[in-house]
Amino acid sequence: MSAVNNYVHNFFEKYLTIPDIYVSDIVEIIVIAVLIYYVILWFKKSRAWSLLKGIFVIVIFMVIASLFHLTTILWIINKTLSAGIIAIVIIFQPELRRALEELGKKNVAFKLLKIGNNIDDESLSDQSVEEIIRATLEMAKVKTGALIVVARDHDLSQYSETGIKVGAKITSQLLINIFEKNTPLHDGAVIIEGNKIVSATCYLPLSDSVSLSKELGTRHRAGLGISEVTDSIVIIVSEENGSVSIARDGQLIRYADTAILKNELVKAQAKAEVKPKKRFWKGRERNEKSNDEN
C-alpha cells in the first residue's frame, strides 16, 4: 500500500505540480498571443491565406503518408523539404515585403492597440449599396466607362496606393463625377472600403486568362485580374455599349441587371442574397457566368 501511495505522490509531484508564475511570464504569454493573432490576421487579409491553406493540405498529406508508411513518398518529401522552404519564401515575397513595410510605419504601435479591426470597422451600408447601384446605372445609361472595386476581407492598400487618395463618403454624384470623361480622375479604378471611396485612378493587375472574350478590353481584364488575386467584388461599365459586368473569384458575370448587381454587393455585407431574375446568354466564355448560375 505504501508503494502505491509513493507512486501516486511521485506522479502528482512530477506531472501535476503548478509551476511558479511571475509577471514576466504573463507578459511573455500576452506578447506571443498578440503576435500570433496578428500573424494569422495578416495571412487572412492577404493572398497568403489561400497559399497557407494549400500548404496545410500538403502537411496533411505528409501526415497520412507517415501513418501508412509510404516510404517512397516520405523520401521524396524529405529530399525536397529544404528546397520547399526556399520556395515558400519566394512565393510569399510580396506579402513579406509588405509586412515589413507596414512594420516600419510610424503608426504601427497604434494599430496594434486596435485589436480585432479589419480593413474598415464599418461594413458596406444599405445606403452605400444604393448609391453604387444608382451611379452604375446612370453611367451605363450614358455609356461612361467605369471600374469600381469593392473591398471585402483582403487588404487592397497596395493597389489603392497606386492612385490618388480620396477618402470621401460614397455618393452616386461623386462616383459619376470621378468617371466623367476628360476629367483628371476618370482613368483607372476606384477602390471602395467600407463606406468610403478610398482612392481613384488606381492601377490593377491584368488577368492573363486566354479564354476571356476578345471583344473585352483592358478595363474588363483589369477587373477580372483583381478578382483573381483578392476576394473583392468589381463592377465594370463598358464604354462601348454601356453594359454592366461583375467580376468576382476570377469569374466574369456579363450583362448584369439591377438584381444581380445588388445581390453581389449584398454579399460584401454578408447579408441574405436577393434572388435575381433568370436570364440566359449565349456564347459565354469559359470564365464567364450567366446570370442564372449565381
Side-chain angles (χ1 to χ4, degrees), residues 129 131-152 154 156-166 170-193 197-258 260-265 267-268 281 283-291 294:
V129 168
E131 294 290 336
I132 295 172
I133 293 173
R134 187 179 298 114
T136 302
L137 297 179
E138 287 294 328
M139 288 186 289
K141 193 181 300 181
V142 295
K143 297 182 181 180
T144 299
L147 184 56
I148 303 172
V149 182
V150 181
R152 298 181 74 183
H154 287 182
L156 300 183
S157 55
Q158 68 181 102
Y159 304 109
S160 62
E161 287 174 358
T162 63
I164 298 175
K165 299 290 183 182
V166 178
I170 299 172
T171 63
S172 59
Q173 295 90 344
L174 179 56
L175 286 171
I176 293 171
N177 286 335
I178 288 175
F179 289 110
E180 188 67 34
K181 296 176 183 177
N182 301 321
T183 58
L185 300 180
H186 85 283
D187 192 19
V190 159
I191 294 180
I192 291 175
E193 294 179 0
I197 301 173
V198 178
S199 298
T201 69
C202 300
Y203 295 103
L204 304 181
L206 299 179
S207 173
D208 56 1
S209 174
V210 297
S211 61
L212 192 65
S213 176
K214 301 300 181 183
E215 68 184 42
L216 301 177
T218 306
R219 184 177 287 111
H220 288 80
R221 194 168 285 277
L224 186 62
I226 190 68
S227 75
E228 291 173 344
V229 297
T230 69
D231 64 347
S232 57
I233 295 172
V234 188
I235 302 169
I236 309 153
V237 180
S238 173
E239 191 173 357
E240 284 72 27
N241 54 26
S243 64
V244 177
S245 301
I246 299 172
R248 63 170 173 82
D249 301 325
Q251 300 289 334
L252 188 65
I253 307 170
R254 299 185 63 186
Y255 306 106
D257 58 16
T258 306
I260 293 176
L261 180 57
K262 186 170 185 178
N263 191 37
E264 295 301 323
L265 290 173
K267 288 178 183 177
W281 302 96
R284 61 180 181 274
E285 301 295 333
R286 186 178 61 179
N287 65 331
E288 297 174 8
K289 290 185 176 181
S290 63
N291 296 348
N294 297 277

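Using modelled atom types, no side-chain atom of His186 and backbone atom of Lys181 make a donor-acceptor pair closer than 3.5 Å. Of the possible polar contacts, none joining the Thr230 side chain to the Ser227 backbone as a donor-acceptor pair under 3.5 Å is found. A donor-acceptor pair under 3.5 Å is formed between the side chain of Thr162 and the backbone N or O of Tyr203. Looking at Arg152, its side chain never comes within 3.5 Å of a backbone N or O of Glu193 through a donor-acceptor pair. Checked by atom type and distance alone, the side chain of Arg221 pairs as donor or acceptor with a backbone atom of Ser207 at under 3.5 Å. Panel note: side chain Asn241, backbone Ser243; a donor-acceptor pair is recorded below 3.5 Å.
Between Leu156 and Ala151, the shortest heavy-atom contact is CD1-CB, 3.5 Å. Closest approach of Ile236 and Leu252 over heavy atoms only: CD1-CD1, 4.0 Å.
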When you look at Ile253 and Arg248, which way does the side chain to side chain contact (heavy atoms under 4.5 Å, CB included) test go after all the steps?
CA-CA 8 Å; Ile253 307 170; Arg248 63 170 173 82; 4.1 Å; yes
List the steps, then state whether side chain to side chain contact (heavy atoms under 4.5 Å, CB included) holds for Val229 with Tyr159.
CA-CA 12 Å; Val229 297; Tyr159 304 109; 3.6 Å; yes
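Using modelled atom types and a 3.5 Å distance limit, the side chains of Glu131 and Thr171 yield no donor-acceptor pair.
With respect to Ser238, the side chain to side chain contact (heavy atoms under 4.5 Å, CB included) criterion is satisfied by exactly one of Lys143, Glu215, His220, Arg219: His220.
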